[in-house]
2 protein chains.
Amino acid sequence: MGTAKTEIFSTQHNEIARFAKALGHPARVAILQHLFKINTCVCGDLVVEIGLAQATISQHLKVLKSLGLIKGNVEGTSVCYCIDNENWAKMKHIISNFINQDLNTQSCC
Amino acid sequence: MGTAKTEIFSTQHNEIARFAKALGHPARVAILQHLFKINTCVCGDLVVEIGLAQATISQHLKVLKSLGLIKGNVEGTSVCYCIDNENWAKMKHIISNFINQDLNTQSCC
DNA sequence: TTATTCCATTGCAATATTACGATTAATTGA
DNA sequence: TCAATTAATCGTAATATTGCAATGGAATAA
């Protein structure tokens with residue numbers, strides 16, 4: 001175990017969970033927030049900015065990249081990262097649709 | 001390790017991550033979705049509905065309850081769960097504010 | 001009381017995640 | 001060419017998560 005039984009859930013539920021999981025670590029939230037804040041691509045200063053070891057940041061970037069939320073471009077000896085607008089929008093819709101549900105009735109308990 | 005270094009991140013980033021993490025498992029997504037769908041409290045049929053062992057469901061419910069997203073009421077020999085509207089709204093705002101950010105400029109890469 | 005039902009908790013095994021030092025690969029600058 | 005810089009990857013340790021069988025506690029039904 002330790003592995004989620006994804007096969008018993010719908011594609012939709014698995015997809016919501018996959019995106020949510022990627023946002024489920026403060027370092028990844030901080031990375032994404034920084035990319036939004038500086039509003040351009042980030043080349044190299046993420047390690048300083050976030051305050052974790054280089055290997056650790058690289059691992060978090062890999063998670064975000066593998067989901068498509070960010071993309072990286074090699075610029076000489078450094079790599080520049082930025083939000084992938086298209087996939088970010090896709091994630092936004094999937095998560096929003098889920099969390100913006102409202103109860104039609106009062107909770108009974 | 002295996003433990004996130006939450007102390008180096010802002011309260012806001014940690015809070016976003018905490019909520020996102022709770023939504024980061026398809027079983028918990030399915031549980032919440034079911035609670036919205038039937039639009040009232042659920043007494044006892046979650047194990048059948050989701051298809052995991054009773055102990056496993058109980059554990060997922062505990063995660064959701066400890067974050068305040070759901071609440072449970074004892075009704076005789078069973079327990080009824082429902083969405084906690086107040087905390088759900090709080091989560092909704094926190095997550096929405098984060099994911100609804102838009103880039104002012106084109107990505108440079 | 002005794003059996004039953006429902007659910008939480010405990011204990012455990014398998015796997016995943018987080019973090020980092022060390023190494024490697026690629027590029028640039030001298 | 002050779003050092004320096006940057007970031008990915010490897011290896012490893014510590015901890016967290018997932019899942020389930022077994023157990024236990026609380027309420028109900030007989």
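Because the structure is predicted, anything quoted here is derived from the model rather than measured.
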* **Short N-O contact, A:Lys90 and A:Glu15, less than 4.0 angstrom** => yes
* Structure fact -> Rounded to whole Å, the CZ-C1' distance (A:Phe9 to D:dG19) equals 11 Å
* Find out whether A:Ile16 and A:Asn97 are in side-chain contact, i.e. whether some heavy atom of one side chain is under 4.5 Å from a heavy atom of the other. => no
* Structure fact -> Here the distance between atom P of D:dT18 and atom NZ of A:Lys21, to the nearest Å, is 7 Å
* **A:Ile50 vs A:Thr56 side-chain heavy atoms within contact, under 4.5 Å** => no
* Assign each of B:Ala4 and B:Gly76 to its nearest nucleotide of DNA chain D by heavy atoms, then name whichever residue's nucleotide is nearer the 5' end. => B:Ala4
* Asked: Given atom CD of A:Glu75 and atom P of C:dG29, what is their separation to the nearest angstrom?
  -> 13 Å
* What does nucleotides 4-15 of chain D look like as a protein-contact string, B for base, S for sugar-phosphate only, - for none, at under 4.0 angstrom between heavy atoms? -> -BSBBB----BB
* Does the SG-to-SG distance between B:Cys43 and B:Cys80 fall under 2.5 Å? -> yes
* For A:Lys92, enumerate each residue passing the side-chain hydrogen bond (donor to acceptor under 3.5 Å, both in side chains) test, keeping only those at least two apart in sequence or located in another chain. => B:Asp102
* Euclidean distance, atom CG of residue B:Leu64 to atom C1' of C:dA8 [Å, nearest integer] -> 15 Å
* Asked: What is the distance, rounded to the nearest whole Å, between atom CG of B:Leu46 and atom P of C:dT5?
  -> 19 Å
* **Value in whole Å for how far the P atom of C:dT15 lies from NZ of A:Lys5** => 14 Å
